[in-house]
Novice: 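Here it is, the structure in full.
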Amino acid sequence: MVGNRAQALSRAAALVDELQQAWVAHCPSRVGGITAIDVLRSVLIPTFADVLDGTYINVGRGARTRDVLYEAREYLRSLVGWCGYMRQQFRDAPGGVLFVPRNSSHLRMSLPVASEMRKACAAHWLVFKLEHWRALLRLGERAVLAQPLVSAAACGTRRAVAALRHDAETLLALPLLAQSFGGSPAAAEAILRRTLAQNLGRAALAAVSIERTLDAVRPRVVVVGNPNTMEGRIAASLARLAGVPSATIQHGDIAAGDPSWRSAEVNRIFVWGDGARRVLVSMGIDGERVEIAGHPALVADVPPAPAQSARSERTRMVLVALSGAGHMVGMAEHLNHVERLAAAAMETPELKWVFRLHPKDSPGIYTAAFARANLRNAAIVLARKAAQDMTLQLRECGVLVTVTSTSAVDAMVARVPVVTLARAAGEHVPAFVRAGAVVQVGPAESVALVVREVLLRGQPRAVGRQVDAYVSEHIGPRDGLAARRVADRLCSMMTGGE
């Protein structure tokens with residue numbers, strides 16, 4: 001067992017690199033031109049890290065099942081008129097730019113850019129979640145949902161999945177896991193087997209839908225939501241094979257200890273400010289590929305201060321935005337954070353606590369903690385209902401509580417104080433915490449007392465000065481022109497002007 005999460009992530013990344021080399025050497029099947037291990041890096045690295053640091057816990061299965069049933073029900077309701085819509089979408093305006101987001105934060109970064117791009121060319125979307133598809137249609141965007149694209153190629157998809165599963169068994173027979181995990185190779189093998197079984201079919205479906213969309217749209221540039229997710233890696237790979245340039249827009253904190261970015265294949269990475277650019281260059285990414293554009297979803301002006309009556313209401317609402325267990329935060333640590341916050345809510349019955357869930361988070365974790373604390377003043381905003389911009393929620397709250405989420409940046413811009421829960425020594429600390437732009441709660445401190453103090457008196461003046469310095473450095477130019485800058489560079493990439 002390794003000492004902390006950062007070390008576990010580093011070891012897990014090295015193991016995934018070994019598995020990648022083994023797949024290349026022994027397994028002929030590919031997904032979108034790359035190996036299944038490469039496609040699943042963003043899933044395998046944090047899962048193996050959980051094994052290595054001893055925090056692997058299988059939670060939230062019931063909640064995930066409910067999410068899947070919801071998706072299936074809503075998908076079937078919307079399928080009837082889909083095929084005719086699909087036929088007209090790409091036939092009317094081929095070419096232009098294709099956006100391939102995975103979650104709502106990707107949509108938020110891309111929508112302002114798409115609006116600017118439409119002044120010069122067609123803007124198309126391929127999405128993987130039904131609520132994203134519906135939201136884009138309501139906005140008048142040219143969007144298609146991935147799942148129906150696969151139906152016409154179901155036989156080929158089944159063959160691809162069968163080949164992937166055969167190669168997965170070949171990989172599992174190699175002694176790599178036993179060498180890397182020492183005393184727990186059986187647990188690691190079981191997790192790898194389960195991860196592959198759960199995701200190989202999804203990866204094959206994603207590859208088919210992305211490939212068919214590229215054929216239909218014939219885009220001149222592809223913008224992926226995150227080049228480290230399964231869908232992002234496949235889209236970037238298929239675009240490269242088709243000779244189409246690709247790009248991504250920063251959508252959250254880029255951690256110096258995050259091994260995923262070292263293998264990002266996109267041609268261009270648009271970041272908010274100099275802080276993220278320095279991190280990427282320090283990881284070996286060519287600085288020519290990284291361009292400071294600003295934050296496309298943030299406007300130039302700070303929202304006006306609320307009226308006095310609204311301000312008094314704000315001081316009774318606490319907004320919580322955690323990133324969930326997964327990459328930089330292990331499951332055991334995440335559970336501890338939720339328990340601390342539930343205890344704080346119990347100690348402050350006069351306050352309303354609203355927990356805004358990350359897409360990878362499980363509501364079951366929160367409902368169980370709330371039940372143990374017998375809470376009556378806490379509410380959950382599910383990930384599929386949190387797709388909207390959080391600006392409205394920030395206007396209603398008096399403080400934001402988080403650990404590593406870049407929702408803290410939105411709060412700082414909206415002049416909402418940020419309280420963060422401290423992490424153990426040696427763990428990744430976000431840049432906004434290192435900069436002193438937040439009010440930090442130590443492990444032995446009372447979260448309830450700190451939150452009450454911030455709601456009553458506001459953040460210390462020294463913290464306020466650091467907020468201004470942090471926003472200036474890490475958000476870059478706040479002139480309202482970030483989306484236009486990204487769009488201009490994408491247009492340049494379309495014409496070969498790198």
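One is the number of the first residue; the rest follow in order along the sequence.
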Novice: Between Glu350 and Arg452, does at least one N-O distance fall below 4.0 Å, as a salt bridge requires?
Specialist: yes

Novice: Could you state the interatomic distance from CZ (Arg41) to OG1 (Thr229), rounded to the nearest 0.5 Å?
Specialist: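 One gets 13.5 Å once the value is rounded to the nearest 0.5 Å.
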
Novice: Please answer whether the main-chain N or O of Gly442 pairs with a side-chain N or O of Glu445 as donor and acceptor at a distance below 3.5 Å.
Specialist: yes

Novice: With a 4.0 Å cut-off, would you call Asp17 and Arg262 a salt bridge?
Specialist: no

Novice: Mind running salt bridge (Lys or Arg N to Asp or Glu O under 4.0 Å) on Asp479 and Arg485 for me, showing each step along the way?
Specialist: CA-CA 11 Å; Asp479 50 10; Arg485 275 189 287 272; 3.0 Å; yes

Novice: Between CD1 of Ile380 and CZ of Phe370, what distance do you get to the nearest 0.5 Å?
Specialist: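 Going from CD1 on Ile380 over to CZ on Phe370, the span is 4.5 Å.
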
Novice: What distance do Gln250 atom CD and Ile269 atom CD1 have between them, rounded to the nearest 0.5 Å?
Specialist: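 Spacing of CD (Gln250) from CD1 (Ile269) equals 10.0 Å.
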
Novice: Establish, from distance only, whether the side-chain atoms of Trp353 and Thr348 form a donor-acceptor pair under 3.5 Å.
Specialist: yes

Novice: Please tell me whether Asp253 and His428 have a donor and an acceptor in their side chains that are separated by less than 3.5 angstrom.
Specialist: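 Looking only at side-chain atoms, His428 and Asp253 do form a donor-acceptor pair, the distance falling under 3.5 Å.
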
Novice: Determine whether Arg289 and Glu265 satisfy the following criterion, salt bridge (Lys or Arg N to Asp or Glu O under 4.0 Å), listing intermediate values before the conclusion.
Specialist: CA-CA 10 Å; Arg289 294 171 55 201; Glu265 287 198 8; over 6 Å; no

Novice: Looking only at non-hydrogen atoms, find the nearest pair between Thr402 and Ser407 and report the distance.
Specialist: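 Of all heavy-atom pairs spanning Thr402 and Ser407, the closest is OG1-OG, 4.4 Å.
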
Novice: Go through Glu473 and Arg278 one step at a time and tell me if the salt bridge (Lys or Arg N to Asp or Glu O under 4.0 Å) criterion holds.
Specialist: CA-CA 11 Å; Glu473 178 183 3; Arg278 286 200 308 271; 2.5 Å; yes

Novice: Check this for me, if you would: do Glu291 and Arg268 make a salt bridge, where the nitrogen-to-carboxylate-oxygen distance has to be below 4.0 angstrom?
Specialist: yes

Novice: Hey, mind stepping through Arg423 and Glu333 against salt bridge (Lys or Arg N to Asp or Glu O under 4.0 Å) and telling me if it holds?
Specialist: CA-CA 9 Å; Arg423 305 191 68 194; Glu333 181 186 359; 2.7 Å; yes

Novice: Whether Glu396 and Lys352 form a salt bridge (side-chain N of Lys/Arg under 4.0 Å from carboxylate O of Asp/Glu) is what I want to check.
Specialist: no

Novice: Would you say the side-chain atoms of Asp361 and His334 include a donor-acceptor pair closer than 3.5 Å?
Specialist: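 Short answer, yes.
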
Novice: Within this structure, what is the CZ-CG distance for the pair Phe355 and Leu322, rounded to the nearest 0.5 Å?
Specialist: 7.5 Å

Novice: Donor-acceptor pair, Ser472 side chain versus Asp468 backbone, under 3.5 Å?
Specialist: no

Novice: Nearest 0.5 Å, please: how far is NE2 in His251 from CZ in Arg102?
Specialist: 12.0 Å

Novice: Rounded to the nearest 0.5 Å, how far apart are CG of Leu490 and CD1 of Ile249?
Specialist: 6.5 Å

Novice: Using distance alone, with no hydrogens and no angle criterion, decide if Arg108 and Ser105 have a side-chain donor and acceptor under 3.5 Å apart.
Specialist: no

Novice: Please find the pair of heavy atoms, one from Ser405 and one from Phe432, that lie closest to each other, and give the distance.
Specialist: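 Answer, listing the atom of Ser405 first, then Phe432: O-CZ, 3.4 Å.
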
Novice: Please check if the side chain of Asn377 supplies one atom and the backbone of Leu351 the other of a donor-acceptor pair under 3.5 Å.
Specialist: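 The answer is yes, because a donor-acceptor pair under 3.5 Å joins these two groups.
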
